[in-house]
Student: 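Dropping a structure here in structure tokens format, bear with me for questions.
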Amino acid sequence: MSVVEELVERVDDQDRVLGVMVSRRQAIREGWLPRVAVTVCRDARGRILVHRRSEQLSRFPGLYEVVAGGAVDVGESCEQAAAQELAEELGIRVLPRLLFTFLNRSGLSPHWLGGHEAVMPDTVAADPDEVAWHGRLTEPELRSALLEWRFTADSHEAFGRYLAFRTPQS
């Protein structure tokens with residue numbers, strides 16, 4: 001099954017499951033609300049992982065991202081989806097911490113976005129089919145990059161909310 005053929009659960013505008021499974025492709029086409037889980041990864045020194053999407057990806061090829069993530073599959077929790085996406089995209093095996101959810105109307109189509117945070121290990125084994133480049137930026141470096149580089153809309157929205165929701169010592 002390709003990424004856009006994943007089965008997702010439709011939710012309403014209050015993030016309540018409607019009991020209807022649809023393909024992610026159909027949800028995007030119809031503007032129905034699925035759930036998406038993303039994670040901001042930081043290292044022990046507080047630097048944030050940034051990556052550039054592979055040019056071969058169907059959605060947002062070559063754009064930079066502050067978050068790693070994807071659709072929440074049927075029967076999966078937001079935290080499970082976030083952990084699975086980190087393992088698949090970046091080779092990181094951690095349990096992310098959910099910080100916030102919101103109805104995100106930016107990007108490809110509307111969706112409920114669950115924003116997580118994870119402390120990443122020193123080694124990242126990015127999947128070259130998904131990630132063309134990755135690096136770690138300090139918060140000031142990232143703020144500058146967000147103004148200069150081409151990031152996905154979800155990155156801007158999720159990072160802004162991350163900054164608002166994080167705890168000072170997290």
Student: Just checking, any donor-acceptor pair under 3.5 angstrom between side chains of Glu88 and Gln84?
Tutor: yes

Student: Take the angle between the ring planes of Trp149 and Tyr64 and call it parallel below 30°, perpendicular above 60°, tilted in between.
Tutor: tilted

Student: Under 30°, 30 to 60°, or over 60°: which ring-plane class applies to Phe100 and Phe102, parallel, tilted or perpendicular?
Tutor: tilted

Student: Is any side-chain heavy atom of Glu30 closer than 4.5 Å to one of Ser109?
Tutor: no

Student: Do Val38 and Val72 belong to the same hydrophobic cluster, where Ile, Leu, Val, Met, Phe, Trp and Tyr are linked whenever their side-chain heavy atoms lie under 4.5 Å apart, directly or via other members?
Tutor: no

Student: Please report the shortest heavy-atom distance between Pro110 and Arg105, naming the atom on each side.
Tutor: CB-NH1, 3.8 Å

Student: Identify the heavy atoms of Leu98 and Gly115 that sit nearest to each other, and give their distance.
Tutor: CD1-O, 3.6 Å

Student: Return the minimal non-hydrogen interatomic distance between Val50 and Leu137, and the atom names on each side.
Tutor: CG2-CD1, 3.7 Å

Student: Between Glu141 and Ser144, is there a side-chain donor-acceptor contact under 3.5 Å, judged purely by atom types and distance?
Tutor: no

Student: Thinking salt bridges, do Arg53 and Glu65 make one under a 4.0 Å N-O criterion?
Tutor: yes

Student: What's the verdict on side chain to side chain contact (heavy atoms under 4.5 Å, CB included) for Glu85 and Thr39, showing C-alpha distance, side-chain angles and the deciding distance?
Tutor: CA-CA 9 Å; Glu85 293 294 334; Thr39 304; over 6 Å; no

Student: Is it the case that Arg35 places NZ or CZ above or below the six-membered ring of Trp112, under 6.0 angstrom from the centre and within 45 degrees of the axis?
Tutor: no

Student: Testing the basics here: between Ala118 and Leu86, what is the closest heavy-atom pair and its distance to 0.1 Å?
Tutor: CB-CD1, 4.3 Å

